[in-house]
Amino acid sequence: MLPTTKPEHLRRSLRLVLGVTLPCLVGFGVVGPEHLVYSDEIKGACKWAAITAAIVAHPLLGEASQVGKERLVGTVLGGSVGYVVHQLGLHVFGEVTDGIFMSLAAGLLAGVSVIYGKKWKLNTSAKLFVITLLLITFA
């Protein structure tokens, strides 16, 4: 018989995927400059909602056990992947679908980072990866 509860890191991953993807889809996929006068303000609010979700979903973010090496790895990888996602969204998918692509990619990568952060015992790197990814992708 299958267990009725999922491991904590999988539940956290799913919450993070939804918490990052939904505001990003609203701000960057649905609301475009042609739709609303205040689209920049809405995009900004949605970006910060996704970043807040990433921070809140990781309650251990402020623990003293974080190591500089993990911070560096998470920041560099998150920034690099965020830049690639941003460039793909702008140049490959065009202005019509770039927000949708970037939103889905950010949400999926955020969830995957939690799973692999747990698997490789790099939780701090995974947390900073998500935050940096969001900052660079939607900056």
Side-chain angles (χ1 to χ4, degrees):
M1 183 171 187
L2 294 174
T4 57
T5 60
K6 303 273 187 251
E8 177 60 26
H9 70 282
L10 291 178
R11 288 195 308 267
R12 244 187 342 180
S13 174
L14 180 60
R15 283 193 304 260
L16 184 59
V17 167
L18 293 174
V20 168
T21 304
L22 293 177
C24 289
L25 277 174
V26 169
F28 296 94
V30 177
V31 177
E34 67 280 354
H35 292 22
L36 293 172
V37 175
Y38 299 107
S39 64
D40 287 338
E41 289 85 358
I42 292 172
K43 285 181 182 180
C46 291
K47 175 175 63 173
W48 285 110
I51 292 168
T52 301
I55 292 170
V56 171
H58 298 292
L60 304 176
L61 187 62
E63 273 191 1
S65 65
Q66 295 176 344
V67 181
K69 183 172 97 175
E70 277 200 55
R71 289 179 179 170
L72 178 67
V73 168
T75 301
V76 170
L77 284 177
S80 300
V81 172
Y83 178 77
V84 169
V85 168
H86 179 75
Q87 292 303 312
L88 282 173
L90 289 178
H91 299 295
V92 174
F93 292 95
E95 291 183 27
V96 175
T97 59
D98 65 338
I100 294 170
F101 167 76
M102 289 189 292
S103 299
L104 292 174
L108 179 65
L109 288 166
V112 168
S113 74
V114 172
I115 292 169
Y116 281 99
K118 176 75 172 174
K119 180 179 179 178
W120 295 331
K121 294 180 176 49
L122 294 172
N123 292 329
T124 301
S125 290
K127 295 168 197 169
L128 291 172
F129 172 88
V130 172
I131 294 166
T132 309
L133 168 80
L134 293 171
L135 287 171
I136 298 298
T137 299
F138 298 115

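The chain is numbered in sequence order, starting from 1.
Note on Val81: it does not cluster hydrophobically with Val17, by side-chain heavy-atom contacts below 4.5 Å among ILVMFWY residues. When the side chains of ILVMFWY residues are joined at heavy-atom separations under 4.5 Å, either directly or via intervening members, Leu14 and Leu25 end up in two distinct hydrophobic clusters. Under the 4.5 Å side-chain heavy-atom criterion for Ile, Leu, Val, Met, Phe, Trp and Tyr, Leu77 and Val84 are members of the same hydrophobic cluster. The hydrophobic cluster containing Val85 does not contain Val112, counting ILVMFWY residues as joined when their side-chain heavy atoms lie under 4.5 angstrom apart, directly or transitively. No single ILVMFWY cluster, assembled from side-chain heavy atoms under 4.5 Å apart, contains both Tyr116 and Val114.
Counting Ile, Leu, Val, Met, Phe, Trp and Tyr side chains that sit under 4.5 Å apart, directly or through other members, Ile136 shares a hydrophobic cluster with Tyr83. Cluster note: Leu10 groups with Ile115 through ILVMFWY side-chain heavy atoms spaced under 4.5 Å, whether in direct contact or through intervening members.
In terms of modelled atom types and a separation under 3.5 Å, the side chain of Ser13 and the main chain of His9 share no donor-acceptor contact. In this structure a side-chain-to-backbone donor-acceptor pair under 3.5 Å is missing from Thr132 to Gly78.
To the nearest 0.5 Å, atoms CG (Leu122) and CG (Leu128) are separated by 11.5 Å. Rounding to the nearest 0.5 Å gives a distance of 11.5 Å between CG of Leu133 and OG1 of Thr75. To the nearest 0.5 Å, atom NE2 of residue His91 and atom NE2 of residue His86 are 7.0 Å apart. We find the CG-OG1 distance between Leu108 and Thr21 to be 7.5 Å, quoted to the nearest 0.5 Å. Distance check: Leu109 CG to Thr137 OG1 gives 8.0 Å after rounding to the nearest 0.5 Å. In this structure, OG on Ser113 lies 6.5 Å from CG on Leu16, to the nearest 0.5 angstrom.
Arg71 places a side-chain heavy atom less than 4.5 Å from the side chain of Thr124. By the 4.5 Å heavy-atom criterion applied to side chains, Val92 and Phe101 are not counted as neighbours. A heavy-atom distance below 4.5 Å is found between the side chains of Lys118 and Asn123. Looking at heavy atoms from C-beta onward, Val26 lies out of side-chain contact with Leu22 at the 4.5 angstrom threshold.
Taking all atoms of both residues into account, the shortest heavy-atom contact from Ser125 to Glu70 is OG-O, 2.8 Å. Here the shortest heavy-atom pairing between Pro23 and Cys46 reads O-CB, 3.1 Å. Smallest separation of non-hydrogen atoms from Leu134 and Cys24: CD2-SG, 4.5 Å.
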